[in-house]
2 protein chains.
Amino acid sequence: MNRKEDIILKAARLFRKKGFSSSSMRDIAGSVGIEAPSLYNHIKSKHEILEIILLEIAEDFTNGMNSICESDKKASQLLKEIIDLHITLTIKKTDQIGLLTHEWINLTGAAREKFLKLRNDYELNFKKVIEKGMMEGEFKKLHIDLTLFSTLSTLRWLYAWYKSNQDMDIDRLRSDMYTLLVDGLTQGLD
Amino acid sequence: MNRKEDIILKAARLFRKKGFSSSSMRDIAGSVGIEAPSLYNHIKSKHEILEIILLEIAEDFTNGMNSICESDKKASQLLKEIIDLHITLTIKKTDQIGLLTHEWINLTGAAREKFLKLRNDYELNFKKVIEKGMMEGEFKKLHIDLTLFSTLSTLRWLYAWYKSNQDMDIDRLRSDMYTLLVDGLTQGLD
DNA sequence: GTCTATATATTGATAGAC
DNA sequence: GTCTATCAATATATAGAC
């Protein structure tokens with residue numbers, strides 16, 4: 001790992017813990033083990049660090065979602081694969097995901113637009129899966145946006161839960177998430 | 001509404017939109033319609049504003065939860081009443097609730113401790129309801145903390161959804177939330 | 001209770017020596 | 001590539017006139 005990657009990683013941890021605006025360049029430099037001005041040999045600005053972190057993880061989600069949507073499996077299976085995607089990325093990039101939900105408000109200009117477009121595309125694809133399940137009679141017919149929002153909330157907050165439960169068996173986690181997020185939609189249908 | 005209440009309200013909206021650290025005293029004063037130094041005739045500091053907002057809404061939740069837990073209804077009914085509590089407070093105090101999940105990281109000292117104790121007590125009471133449901137055979141036996149976390153995630157993010165869907169019929173909202181959060185736990189039991 | 005003027009600290013970022 | 005020294009902007013907060 002080179003210095004730039006280390007800066008990005010240490011900054012992500014700091015941003016998650018104290019927030020982007022409350023973390024100073026001196027804080028970041030300190031946790032890397034150098035002085036603040038030295039950071040500028042590797043990155044252009046504090047905002048650029050946030051942009052790199054958020055766009056990378058947003059693209060991870062978009063790429064994963066696109067792979068899933070290529071197939072024509074039934075909706076409950078697609079939903080399970082989306083859950084798997086969130087679990088996998090949560091484990092691999094816990095700090096970065098912790099910034100996804102809130103720190104994007106600190107993005108400006110083109111980076112902000114790009115991030116919001118990636119997020120919106122992701123949500124649209126997710127929505128299509130839920131609509132498909134409801135249309136084909138596999139899911140209960142609920143308010144689509146509310147169902148999307150409810151499912152996404154749990155998946156997005158998985159990182160917070162995972163932080164303090166890193167010892168949990170991943171297969172058990174996956175299985176329980178299926179029950180919580182899929183069975184509620186599929187079981188008890190008339 | 002007196003000036004102090006107005007300051008708190010305008011600050012809550014600003015903090016939700018831009019974050020606590022990115023909102024300056026000048027910003028707050030501007031949205032109230034006065035100059036920054038005039039704020040200090042009504043509040044002690046910027047941190048005090050955040051403390052007032054967060055402790056008030058945290059106590060709203062604690063009081064509501066305590067009322068619910070006094071009765072000895074079955075767990076699914078208690079869970080529905082907790083959902084009602086979240087819906088009611090979300091509608092009444094959308095901005096303040098938007099700060100609950102993240103901006104508490106800006107609290108320090110005694111206020112931070114008090115807030116975290118209120119939040120922890122709330123979660124413990126919530127957990128007891130879920131445990132009760134699982135013990136009495138009404139809920140599926142899943143990982144208790146994961147179930148708590150999943151349910152709370154949806155309830156905590158309701159405010160974000162509500163912001164852009166204020167026209168939705170509240171009875172429909174309530175009914176769909178029951179289906180999403182309660183039926184998944186109760187239906188399909190062997 | 002509100003204002004203008006200002007104190008003091010901290011911020012992101014740059015210049016230039018090594 | 002890292003450092004020390006420093007700049008310009010902005011932050012929270014206070015003093016004191018009205």
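What you see is a predicted model, and the numbers here were worked out from it, not measured in a lab. Proteins get letters first, then strands, A, B, ... in listed order; numbering begins at 1 in each.
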Spacing of B/Glu48 atom CD relative to D/dT12 atom P, expressed in whole Å: 15 Å

Strand contacts (DNA chain C) in residues 17-30 of chain B, 4.0 angstrom heavy-atom criterion: none

Sidechain-backbone polar pair: A/Thr151 side chain, A/Thr147 backbone, donor-acceptor under 3.5 Å: yes

Between C/dA13 (P) and A/His47 (NE2): distance, integer Å: 8 Å

C/dC3 phosphate, OP1 or OP2, under 4.0 Å from B/Ser38 side-chain N/O: yes

Heavy atoms from other residues, nucleotides or ligands near NZ of B/Lys128 exceed 12 (cutoff 6.0 Å): no

Test item: A/Thr62 and A/Asp121 side chains (from C-beta on) under 4.5 Å apart, heavy atoms: no

Spacing of B/Tyr40 atom OH relative to D/dT12 atom P, expressed in whole Å: 6 Å

Whole angstrom value for the distance that separates P of D/dA11 from CG of B/Leu14: 12 Å

Check: A/Phe20 ring centroid to A/His47 ring centroid under 6.0 Å: yes

Nearest-angstrom distance from the residue atom NZ of A/Lys46 to P of C/dT11: 9 Å

N-O pairing of A/Lys132 and A/Glu136 below 4.0 Å: yes

NZ (A/Lys44) with more than 12 external heavy atoms under 6.0 Å: no

Pairing pattern in dot-bracket form [Watson-Crick, G-U; both distances under 3.5 Å; | = partner strand] for DNA chain C: |||||||.||||||||||

Atom-to-atom span, CD1 of A/Ile49 to P of C/dA13 - whole angstrom: 9 Å

Candidate nucleotides D/dT12, D/dA15, C/dA15, ranked by approach to the side chain of A/Pro37 - the nearest: C/dA15

Flag, side chain of A/Lys140 to backbone of A/Gln187, donor-acceptor distance under 3.5 Å: yes

Whole-Å gap separating C1' (C/dG1) and CD (B/Glu5): 17 Å

Selection residues 6-27 of chain B - residue pairs positive for salt bridge (charged side-chain N to carboxylate O under 4.0 Å, His left out), sequence neighbours left out: B/Asp6-B/Lys10, B/Arg13-B/Asp95, B/Arg16-B/Asp95, B/Lys18-B/Asp27

Shared hydrophobic cluster for B/Leu116 and B/Phe126 (ILVMFWY, side-chain gaps under 4.5 Å): yes

Whole-Å gap separating P (C/dA13) and CD1 (A/Ile43): 7 Å

